[in-house]
Asks: 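Mind looking over this structure? Questions follow.
Values in this document were obtained by computation on a predicted structure and should not be read as measured data. Both ligands and their constituent atoms are indexed starting at 1 by order of listing.
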Amino acid sequence: MHLPDLNVAKDRTRKENVYIDLKEDYQKVFMGKKYFLRTYGCQMNVHDSEAIRNYLETLGFVKTERVEDANVVVLNTCAIRENARDKVVGFLGKCHYLKKNRDDFKIVLAGCMSEQPDFIENILKNHKYIDIVIGTHNIHELPKLLLENFNKQEIEVYSNSDEIIEGMHYERDSKYTAWVNIMYGCDKFCTYCIVPYTRGRERSRKLEEIIKEVEDLKKAGYLEVTLLGQNVNAYGKDIGDTFSNLLEKVAQTGIKRVRFVTSHPWNFTDEMIKVISKYENIMPYIHLPLQSGSDRILKRMNRRYTKEEYLALFKKMKEMIPGVSITTDIIVGFPGETREDFEETLDVVKTCEFDGAYTFIFSPRVGTPAALMEDKTSLKEKEERLYELNNLVNYYSHQSNQKLLGKEVSVLVIGESEKDKSKVYGYTDTMKLVNVTGPKELIGKIVKVKITDAKSFSLDGEYQKEKIVM
Ligand code: SAH
Ligand code: SF4
Ligand code: F3S
């Protein structure tokens, strides 16, 4: 284990340059070797993987889609629920098998699982074949660790770094849409959640750094940025700034589309709502996790709002932001959740008619308060609640999609449809997935599409020739 340099922590911001200085040495060693990268978890991890990819490719590694062909396998892991961990452990088994009889097959474990002390203990006991473990705070050390420790197991995880590394480079997955970190960590400590432990305390990037990144992306032809944080509303608290100010400045760069995830309902300010409704390039889409509709459960979850407060905020958003679409996250079977509590959740779903919802069964995480709470509800009953909830949620997503039938919407086309090569796909302003009948040339453009069919999870549409919105 290694602790961050205290001088750096005081100043907080550090420019990334570690690997650039040594690039040539590294390249001699790694040139032409192959890497396989698999990402689990949320947008944060997807974006971190873009940094990992950049490091690997700068060092000379070439991407492979076949794990069997790799010289280095990087698993960027998620710890949010047990099934996320199970998937990684399953894949590690395959890697372990492939590694037998090969000395040029290295396994790197990165991401949130690396930050869980119980998992590190498990690695030391049961997964000795893993070569390198890095955490969420020291991705920038991957090149150094790869070079210096290629031949021995090395666990290098900071448990809670306060520093921010600026000047990171990303090998982005898309040429049109980009993730932009605005802050790291989370201080909310919802009682079920592992994120404050795996990602550390809330710390915001400086506004100038974020704006510069967005401007550079715009110059490079990007049409959309998504500002990323576990709770973007908390942006700036630690540096005397606010999310509404940042959002406004980002909108003023003139980039075509601005999005953000995720917002906690607790401190979603009127100022934020005003800015969203004022700028056309801020997309009318908000992901507003509910978790539960029962005040009793919300309290046990430490969510800091009541059902009534959630509903009031929801209503205000609908009134003040024309055409806004709102999606949510819901947990069923939190310890102590009764049928009555669950019905309160169903009631909110019926009132809000969400455009979409991600639903989960509560999964106890070691080290969180909820893992120690008494839980009498059987898994079977939880599964039945989930099923009932999903039926309701899907009904409303379908309804909200149906409302778009025959309408013309703007779609940023981002790729060719995998199932049907005569189609392309993209997202509406309100973040709905649309499969569009139209030529490949539409990729990378914002176009008008007429909606011809509406399902629960996607829309079909036809490109309206005369209307390209640029
Ligand atoms: N920062 C985001 C949430 C990130 S985790 C936010 O606060 O909105 C994404 C979702 O996973 C959460 O909203 C929650 O619904 C779910 N989740 C988190 N921990 C969980 C657990 N222990 N069991 C089940 N679901 C969980
Ligand atoms: Fe987890 Fe709550 Fe923080 Fe979201 S706000 S990351 S659910 S602790
Ligand atoms: Fe998973 Fe870590 Fe994201 S636990 S959900 S990858 S912050």
Asks: When you check the gap from the basic side-chain N to the acidic O, do R385 and D341 get nearer than 4.0 Å?
Replies: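 Looking at D341 together with R385, the answer is no, because their closest N to O distance does not fall below 4.0 Å.
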
Asks: Please confirm whether I80 approaches ligand 1 to less than 4.0 Å, judged on its heavy atoms.
Replies: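 Right, I80 reaches ligand 1.
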
Asks: Ion pair present between E224 and K256, side-chain N to carboxylate O less than 4.0 angstrom?
Replies: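 No salt bridge links E224 with K256.
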
Asks: Could you check whether E202 pairs with K188 (Lys NZ or Arg NE/NH1/NH2 to Asp/Glu carboxylate O, under 4.0 Å)?
Replies: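 Salt bridge flag = yes for K188 with E202.
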
Asks: So which of C186, P196, C42 gets nearest to atom 3 (Fe) of ligand 3, if we judge by its closest heavy atom?
Replies: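 Shortest heavy-atom distance from atom 3 (Fe) of ligand 3: C42.
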
Asks: At a 4.0 Å cut-off, with the gap strictly under it, does some heavy atom of I331 reach an atom of ligand 1?
Replies: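 Yes.
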
Asks: Check D173 with R53, please: is the shortest side-chain N to carboxylate O separation under 4.0 Å?
Replies: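 Here R53 pairs with D173 in a salt bridge, since their nearest N and O are under 4.0 Å apart.
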
Asks: Using the ring centroid of each side chain, check whether F243 and F260 are separated by less than 6.0 Å.
Replies: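 They qualify: ring centres under 6.0 Å apart.
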
Asks: What atoms in ligand 1 come closer than 4.0 Å to a heavy atom of F362?
Replies: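 In order of numbering, the contacting atoms are 23 (N), 24 (C).
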
Asks: Looking only at protein heavy atoms, which one is nearest to atom 4 (S) of ligand 3, and what is the separation?
Replies: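 Nearest protein contact, heavy atoms only, for atom 4 (S) of ligand 3 is A79 N, 3.2 Å.
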
Asks: If the cut-off is 4.0 Å to any non-hydrogen atom of R365, which atoms of ligand 1 fall inside it?
Replies: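 It comes down to these atoms of ligand 1: 22 (N).
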
Asks: Under a 4.0 Å threshold between the charged nitrogen and the carboxylate oxygen, would K382 count as salt-bridged to E384?
Replies: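 A salt bridge is absent here (no side-chain N lies under 4.0 Å from a carboxylate O).
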
Asks: Output, by chain and residue number, all protein N/O/S atoms separated from atom 3 (Fe) of ligand 2 by less than 2.8 Å.
Replies: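 Per the 2.8 Å query on atom 3 (Fe) of ligand 2, atoms found are C186 SG.
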
Asks: Can you tell which part of P289 has a heavy atom less than 4.0 Å from ligand 1: side chain, backbone, both or neither?
Replies: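 Side chain only; the backbone of P289 stays clear of ligand 1.
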
Asks: Under a 4.0 angstrom heavy-atom cut-off, which atoms of ligand 3 come close to C112?
Replies: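 Going through ligand 3 atom by atom, the ones under 4.0 Å from C112 are 2 (Fe), 4 (S), 6 (S), 7 (S).
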
Asks: What about H398 and F457, are their ring centers closer than 6.0 Å?
Replies: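 No; F457 has its ring centre 6.0 Å or more from that of H398.
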
Asks: Nearest 0.5 Å, what's the CE-OG distance between M431 and S325?
Replies: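 So the gap between those two atoms works out to 9.0 Å.
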
Asks: At less than 4.0 angstrom from any non-hydrogen atom of Q291, what atoms of ligand 1 do you find?
Replies: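 Once the distances to Q291 are compared, the set is 12 (C), 13 (O), 14 (C), 15 (O).
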
Asks: Are any of the side-chain nitrogens in K144 or E141 under 4.0 Å away from the carboxylate oxygens of its partner?
Replies: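 Salt bridge present between K144 and E141.
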
Asks: So is T368 in contact with ligand 1, going by heavy-atom distances below 4.0 Å?
Replies: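 No, T368 has no heavy atoms under 4.0 Å from ligand 1.
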
Asks: What are the atoms of ligand 1, with element, lying closer than 4.0 Å to any heavy atom of R81?
Replies: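 Going through ligand 1 atom by atom, the ones under 4.0 Å from R81 are 11 (O), 16 (C), 17 (N), 23 (N), 24 (C), 25 (N), 26 (C).
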
Asks: Looking only at heavy atoms of R303, does any of them come nearer than 4.0 Å to an atom of ligand 2?
Replies: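 The answer is yes: ligand 2 sits under 4.0 Å from a heavy atom of R303.
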
